[in-house]
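The structure under discussion appears below in the form of C-alpha coordinates.
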Amino acid sequence: MASSPSPDDALFDQFLSDRGHEVEPASWEESYNKKQCPDCGALHDTSATVCSVCEWTPESV
(Lines give C-alpha, C1' and ligand atoms only; values in the text may rest on other atoms or scores of the structure.)
Protein backbone atom coordinates (compact mmCIF):
# COMPACT_ATOMS: atom_id res chain seq x y z
CA MET A 1 0.00 0.00 0.00
CA ALA A 2 1.37 3.40 -0.97
CA SER A 3 1.58 6.10 1.62
CA SER A 4 1.25 9.82 1.07
CA PRO A 5 4.45 11.86 1.03
CA SER A 6 5.39 13.30 4.39
CA PRO A 7 6.32 16.97 4.90
CA ASP A 8 9.90 15.78 5.42
CA ASP A 9 9.89 14.21 1.94
CA ALA A 10 8.74 17.48 0.39
CA LEU A 11 11.47 19.38 2.25
CA PHE A 12 14.12 16.90 1.12
CA ASP A 13 12.85 17.07 -2.50
CA GLN A 14 13.08 20.87 -2.37
CA PHE A 15 16.63 20.64 -0.99
CA LEU A 16 17.67 18.36 -3.88
CA SER A 17 15.81 20.41 -6.49
CA ASP A 18 17.50 23.63 -5.32
CA ARG A 19 20.85 21.96 -5.97
CA GLY A 20 20.02 20.83 -9.51
CA HIS A 21 18.94 17.23 -8.86
CA GLU A 22 15.90 15.67 -10.48
CA VAL A 23 13.28 14.66 -7.95
CA GLU A 24 10.59 13.32 -10.30
CA PRO A 25 10.49 9.58 -11.00
CA ALA A 26 12.33 8.63 -14.18
CA SER A 27 10.18 7.77 -17.16
CA TRP A 28 10.60 6.89 -20.81
CA GLU A 29 11.72 9.71 -23.07
CA GLU A 30 10.25 10.03 -26.55
CA SER A 31 12.18 10.16 -29.81
CA TYR A 32 9.96 10.51 -32.88
CA ASN A 33 7.53 7.57 -32.61
CA LYS A 34 9.71 5.47 -30.29
CA LYS A 35 10.36 5.23 -26.56
CA GLN A 36 13.91 6.07 -25.54
CA CYS A 37 15.55 4.67 -22.42
CA PRO A 38 16.72 7.56 -20.20
CA ASP A 39 19.52 5.38 -18.83
CA CYS A 40 21.28 4.09 -21.97
CA GLY A 41 19.47 5.87 -24.82
CA ALA A 42 18.26 2.71 -26.59
CA LEU A 43 15.14 3.06 -28.74
CA HIS A 44 12.12 0.77 -28.34
CA ASP A 45 8.61 0.35 -29.72
CA THR A 46 5.88 2.24 -27.89
CA SER A 47 4.67 -1.02 -26.30
CA ALA A 48 7.98 -1.62 -24.45
CA THR A 49 7.87 -1.87 -20.67
CA VAL A 50 11.54 -2.70 -20.04
CA CYS A 51 14.74 -1.71 -21.86
CA SER A 52 16.07 -4.72 -23.76
CA VAL A 53 19.61 -3.29 -23.64
CA CYS A 54 20.17 -2.35 -19.98
CA GLU A 55 16.97 -3.79 -18.43
CA TRP A 56 15.90 -0.37 -17.06
CA THR A 57 12.24 -0.08 -16.04
CA PRO A 58 10.29 3.04 -15.08
CA GLU A 59 9.68 3.48 -11.37
CA SER A 60 6.20 2.55 -10.21
CA VAL A 61 4.10 5.48 -9.15
Side-chain angles (χ1 to χ4, degrees):
M1 184 166 112
S3 61
S4 62
S6 71
D8 291 337
D9 289 342
L11 184 62
F12 187 64
D13 285 349
Q14 183 64 43
F15 174 84
L16 291 174
S17 181
D18 288 347
R19 285 153 180 79
H21 297 278
E22 290 185 30
V23 294
E24 298 297 320
S27 182
W28 291 102
E29 296 173 2
E30 292 185 19
S31 181
Y32 297 99
N33 60 345
K34 300 278 187 179
K35 286 182 175 178
Q36 186 170 15
C37 175
D39 204 32
C40 72
L43 294 175
H44 302 284
D45 290 330
T46 56
S47 61
T49 58
V50 63
C51 178
S52 61
V53 176
C54 69
E55 298 181 359
W56 175 87
T57 58
E59 294 180 25
S60 298
V61 178

Looking at every heavy atom in both [X] and [Y], which two are closest together, and how far apart are they?
X     : Y     : answer
Trp28 : Pro38 : CA-CD, 4.4 Å
Val53 : His44 : N-CE1, 4.4 Å
Trp56 : Ser27 : CH2-C, 3.6 Å
Thr57 : Val50 : CG2-CG2, 3.2 Å

Check your understanding: Does a side-chain heavy-atom distance below 4.5 Å link Ser31 with Leu43?
Key -> yes

For this session: Return yes if some donor-acceptor pair links the side-chain N/O of Gln36 with the main-chain N/O of Gly41 below 3.5 Å, else return no.
Result: yes

Notebook entry, point to check: Checking Lys35 side chain against Thr46 main chain: does a donor-acceptor pair fall under 3.5 Å?
Noted result: yes

